[in-house]
Amino acid sequence: MSRLAVTDPEIAALVVAEEQLQADTLRLIPSENYVSHAVLEATGTVLQNKYSEGYPGKRYYEGQRHIDQVETLAIERARTLFAMDHANVQPYSGSPANLAVYLAFLKPGDTVMGMALPMGGHLTHGWGVSATGAWFRGVQYGVEKESGRVDLDRVRDLALAERPKLIFCGGTAVPRAIDFPGFAEIAREVGAVLVADVAHIAGLIAGGAHPSPAGHADVVSTTTHKTLRGPRGAMLLSTAEHAKAIDRAVFPGLQGGPHNHTTAAIAVALKEAAGEDFRVYARQVVTNAQTLGEQLAARGFDLVSGGTDNHLLLIDLTGKDVPGKVAAKALDRAGIVVNYNTVPYDTRKPFDPSGIRIGTPALTSRGIPASEMARVAEWIDLVVGAAKSGDEATIEKVRADVKALMDVYPAPGLPVR
Ligand code: DSN
């Protein structure tokens with residue numbers, strides 16, 4: 001950082017301030033994590049200086065002797081870790097990765113089926129405001145009102161009625177395990193390509209803490225920076241049958257040169273995720289989320305689907321009489337970082353919804369054990385109550401307590417000051 005501080009002290013100061021914020025706060029956004037020093041180092045290398053349009057051994061620029069090896073290592077590690085025939089590690093992030101899937105298999109106007117955004121899906125699964133909903137015909141399944149879970153019989157009925165060419169399973173606010181074999185059966189029945197968007201749970205799959213889509217999904221789409229604990233990037237994995245279509249769609253279909261420094265950092269993260277420590281981490285993420293869920297439920301919080309099978313909890317705050325945004329902002333003031341979120345069948349608007357979404361990947365990366373989850377739940381309870389009554393003193397007190405716990409469990413990848 002010393003050179004950055006000389007060249008651009010304003011940016012350097014902001015980076016240092018962000019480091020401090022990440023060190024001092026309890027980060028419960030389920031799509032965020034802390035990467036290792038090794039991953040951070042790889043992202044800051046001279047590999048970013050190189051253009052490499054094409055794929056290893058078939059580039060449109062010379063001078064690829066090292067880049068080809070970096071990308072080949074990333075590809076091989078991804079294939080092995082996720083037990084898929086083919087891997088493309090070039091997508092810039094999750095949304096471009098999913099767009100490449102459309103380009104590979106659909107023509108404009110074709111039908112795609114995915115989970116509705118307010119039910120826990122993702123914009124790129126055919127939701128109206130996204131290009132995928134504007135250029136394709138999106139049909140959307142949801143979760144049942146009572147159970148908060150997907151009913152596959154209803155998904156099958158919708159698929160049989162709408163005959164989608166592409167089916168997405170997975171999402172961004174799905175607290176329950178995804179039934180990949182069940183979705184695969186439906187996709188086979190209607191002749192659709194099944195895409196498992198495992199961005200949120202990729203690390204859990206890699207660590208054996210969630211069932212794998214391998215052998216069920218035709219394509220697996222994932223970001224690399226959530227539970228997988230890598231750099232901001234994405235990968236598309238597929239069966240051998242679809243390898244060429246996926247590669248052509250990513251480049252030259254959608255993107256130009258891959259971000260080689262990101263590719264290197266993905267390779268590093270995949271190596272880390274293949275280790276025994278990561279298996280322990282993945283299991284602990286789930287244990288922490290389940291324990292936190294039990295502790296919150298004991299304090300009267302309404303968990304969508306009643307709990308979690310993974311890293312994420314979706315909480316409907318209607319019964320607490322506090323809107324999600326008000327709660328999220330109060331929690332932020334208390335050093336607990338969450339995001340406000342719609343809940344299934346929400347009667348409020350997406351920018352001012354009824355719920356919050358929380359998760360345990362980042363706190364588990366700090367080594368915070370399940371025995372601390374009662375304390376975390378207690379803080380959330382106190383702050384949500386304080387948000388309603390306007391009790392800023394309680395919020396201040398929680399902020400100090402949070403900081404004290406964070407000092408006991410330093411985050412990986414951050415400088416020790
Ligand atoms: N923005 C991501 C999330 O927070 O889940 C999804 O793209």
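Note that ligands are numbered from 1 as they come in the structure, with each ligand's atoms numbered from 1 the same way.
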Report task. May I ask you to establish whether Arg357 and Tyr340 are in a cation-pi arrangement, using a distance under 6.0 Å from NZ or CZ to the six-membered ring centre and at most 45° from the ring axis? Result -> no

Query - atom 1 (N) of ligand 1: the protein heavy-atom neighbour that sits closest, reported with distance to 0.1 Å - result: Ser31 OG, 4.8 Å

Query - Asp321/Lys388 salt bridge by N-O under 4.0 Å criterion - result: yes

Requested in this report: Could you tell me whether Arg229 sits above the aromatic face of Tyr34, with NZ or CZ closer than 6.0 angstrom to the six-membered ring centre and within 45 degrees of the axis?
Outcome: no

**Report entry** ligand 1 atoms in contact with Arg357 (distance to a heavy atom under 4.0 Å)
**Finding:** 3 (C), 4 (O), 5 (O)

Report task. Just need the protein heavy atom nearest to atom 7 (O) of ligand 1, so name the residue and atom and give the distance. Result -> His122 NE2, 2.9 Å

Requested in this report: Using a strict 4.0 Å threshold on nitrogen-to-oxygen distance, state whether Glu144 and Arg149 make a salt bridge.
Outcome: no

Query raised in the report: In terms of residue, atom name and distance, what is the protein heavy atom nearest to atom 5 (O) of ligand 1?
Result: His200 NE2, 2.7 Å

Query raised in the report: Is any N or O atom of Thr172, backbone or side chain, closer than 3.5 Å to an N or O atom of ligand 1?
Result: no

**Report entry** Within 6.0 Å of NZ in Lys271, more than 12 heavy atoms from elsewhere
**Finding:** no

Query raised in the report: Among the heavy atoms of Glu32, does any lie under 4.0 Å from an atom of ligand 1?
Result: no

Query raised in the report: Are Lys165 and Phe105 in a cation-pi contact, defined as NZ or CZ under 6.0 Å from the six-membered ring centre and within 45° of the axis?
Result: no

Query raised in the report: Which residue holds the protein heavy atom closest to atom 2 (C) of ligand 1, what is that atom called, and what is the gap in Å?
Result: Lys226 CE, 3.9 Å

